[in-house]
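Right, one structure below, let's go through it.
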Amino acid sequence: MARGREQLLRVDNPVLGLNTASPEHSLPPKAWRVAHNVVFQHGSVRNAPGWTRFANAAGGDDTPALLILPQSDSEGLERVIVATGRTFYELLATGTLSALSGGPFNADLDNRWQADSFGNTIYAANIGDVIQSIAPGATTVAALANAPKARHLIQFEGHLLTGAVVTTSADYQALMGSGYDGVGTGFEDWNDADPTSDAGLWEIPEGGGPIVGLLRNGGYALVQKETTSLLASYVRLPYVYQFTELPQKVGQFTPFSAADCSEAGVAFVSRNGFHRLDAGGGVTNIGERVARAWLEDLIYADRQRTYAAALKERREFILAYSSLAAGAGPFGRAMIWDWAEDAYS
């Protein structure tokens, strides 16, 4: 008789309540420190894999969840903020959405929130509202004084940098930056006409279509258009930027189809496939065949509703999209690239 081996099954501690050995509502408060299993779908926040319902939509709010972002305080992770098209919420460990004061706002699936943090304060932008700020522990979402409306926003080198700003009634294909943090009125200074201000407005080189993405990429700000990408770097204070167009001529297929994947660089979808951009500006094709299969499954008319996110703890790039095979919902299926193993699922 062959000699057998004892096999042990290891069960990790719960992550966002995703644990078959205990009910979802018993989520430990500190579990948010490894919050890499939250995903969103129309009208609800869920955990994954398995698409188990974690929180129902708030009563009276029929707009989709468009942003999920952890917020820290001086001691570490404090809470998780969820934004729908209309309202910002604090997502409690019990699965309850507690509304913050402010709004109603004007975001939707085609005009999503983009947010970043600086000094533990969250700043969020969409083209329908001026930039909003949420301080740690605050119960109110406040409009940032003097700030513009913009589709894209990142914190970069000590100031807020926005893209596709509204100056009249339409998108303006330019970058606008706030004043430098701690100098004068800081992030509330957007007066680029003032010669004493660090705020600025920079025209983007023409060609390549509208701005569809703005991300940090190492020491650069990555500006992506539909068919080309540019690296922006400042050369002196007050802020003066220079733009370098990547020779590969690849852009971002749709807004929000790119994500910062830490040491793997920025992963994004272009019209020519899936690509990775390293900190030095080198572009690598990371999945031509997979991209071809993905395009065949994509509901092309809903391509604007593609959404990318990076789960850095798991080293996964997730691309949620409207799927012909799934057939229903704005995010019917997700493609996952494991950048540690260079594998797809």
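Start at 1 with the first residue, then count along the sequence.
In this structure, Gln304 contributes its side chain and Pro255 its backbone to no donor-acceptor pair below 3.5 Å. Proximity of a side-chain donor or acceptor of Arg86 to a complementary backbone N or O of Gly103 within less than 3.5 Å is not detected. At distances below 3.5 Å, not a single donor-acceptor pair connects side-chain atoms of Ser322 with backbone N or O atoms of Ile299. Checked by atom type and distance alone, the side chain of Ser229 pairs as donor or acceptor with a backbone atom of Val250 at under 3.5 Å. At least one donor-acceptor pair under 3.5 Å links the side chain of Lys225 to the backbone N or O of Gly207. Without hydrogens or angle criteria, Arg276 side chain to Ala264 main chain gives a donor-acceptor distance under 3.5 Å. The backbone N or O of Ala325 sits less than 3.5 Å from a side-chain atom of Ser323, completing a donor-acceptor pair.
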Legend entry - Candidate pair Asn191 and Ser197, rule side-chain hydrogen bond (donor to acceptor under 3.5 Å, both in side chains), full reasoning: CA-CA 7 Å; Asn191 186 9; Ser197 171; over 6 Å; no

Inset, instruction - Could you please spell out the steps behind the side chain to side chain contact (heavy atoms under 4.5 Å, CB included) verdict for Leu175 and Leu201? - result: CA-CA 6 Å; Leu175 296 186; Leu201 180 67; over 6 Å; no

Inset, instruction - Go through the steps to decide whether Trp339 and Ile286 satisfy the test side chain to side chain contact (heavy atoms under 4.5 Å, CB included), and finish with yes or no. - result: CA-CA 9 Å; Trp339 68 75; Ile286 58 174; over 6 Å; no

Inset, instruction - Carefully, step by step, assess Ser178 and Glu188 under the rule side chain to side chain contact (heavy atoms under 4.5 Å, CB included). - result: CA-CA 7 Å; Ser178 70; Glu188 295 182 356; over 6 Å; no

Inset, instruction - With side chain to side chain contact (heavy atoms under 4.5 Å, CB included) as the test, would you mind laying out the steps for Gln132 and Phe105 before giving the verdict? - result: CA-CA 10 Å; Gln132 302 292 312; Phe105 301 106; 3.4 Å; yes

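With contacts defined as side-chain heavy-atom distances shorter than 4.5 Å, the pair Arg303/Leu298 qualifies. Inter-residue side-chain proximity for Trp294 and Thr306 is flagged as met; some heavy-atom pair is nearer than 4.5 Å. Leu69 has its side chain out of reach of Trp113: every pair of non-hydrogen atoms, C-beta onward, lies at least 4.5 Å apart. Looking only at side-chain heavy atoms (C-beta outward), Leu67 and Phe88 come within less than 4.5 Å of each other. Residues Leu109 and Leu66 are in side-chain contact: their nearest non-hydrogen atoms beyond the backbone lie under 4.5 Å apart. Considering only heavy atoms from C-beta on, Tyr307 comes within 4.5 Å of Arg112 through its side chain. Using a 4.5 Å heavy-atom threshold, the side chains of Asp278 and Thr284 count as separate. Under the 4.5 Å side-chain criterion, counting only non-hydrogen atoms from C-beta, Phe256 is in contact with Gln114.
With rounding to the nearest 0.5 angstrom, the CD1 atom of Ile81 is 5.0 Å from the CG atom of Leu100. Note that CD1 of Ile336 is 5.0 Å distant from CD of Glu316, once rounded to the nearest 0.5 Å. In this structure, Arg271 CZ and Thr254 OG1 are separated by 10.5 Å, a value rounded to the nearest 0.5 Å. Annotation: the span from Thr84 atom OG1 to Asp62 atom CG amounts to 9.0 Å, rounded to 0.5 Å. Distance OG1/Thr162 to CH2/Trp190: 4.5 Å, rounded to 0.5 Å. Of the inter-residue distances, the one linking Glu157 atom CD with Asp181 atom CG reads 12.5 Å to the nearest 0.5 angstrom.
A salt bridge between Arg79 and Asp73 is absent, with no side-chain N of the basic residue lying under 4.0 Å from a carboxylate O of the acidic one. At a threshold of 4.0 Å, the pair Asp338-Arg314 does not count as salt-bridged, since none of the basic side-chain nitrogens sits closer than that to a carboxylate oxygen. Salt-bridge annotation for Glu341 and Arg315: absent, with no side-chain N of the basic residue lying under 4.0 Å from a carboxylate O of the acidic one.
Residue Phe187 comes nearest to Gly179 through the heavy atom pair CD2-O, 3.7 Å, listed as atom of the first residue, atom of the second, then distance. Here the shortest heavy-atom pairing between Ala65 and Val82 reads CB-CG1, 4.3 Å. Taking all atoms of both residues into account, the shortest heavy-atom contact from Leu231 to Asn217 is CD2-ND2, 4.1 Å. In plain terms, the two heavy atoms of Phe156 and Gly219 that are nearest each other are CZ-O, 3.6 Å. Here the closest heavy-atom approach between residue Ala258 and residue Phe268 is recorded as CB-CB, 3.4 Å. Across all non-hydrogen atoms, the minimal contact from Glu203 to Phe243 is O-CE1, 3.7 Å.
For the residue pair Asp129 / Asn106, a side-chain donor-acceptor distance below 3.5 Å is found, with atom types taken as modelled.
Crowding of Tyr220 atom OH: a count of heavy atoms from other residues, nucleotides or ligands under 6.0 Å not exceeding 12. Open room surrounds CD on Glu206; 12 or fewer heavy atoms of other groups in view lie less than 6.0 Å from it.
Val223 and Leu246 are members of different hydrophobic clusters when ILVMFWY side chains are connected at heavy-atom separations under 4.5 Å.
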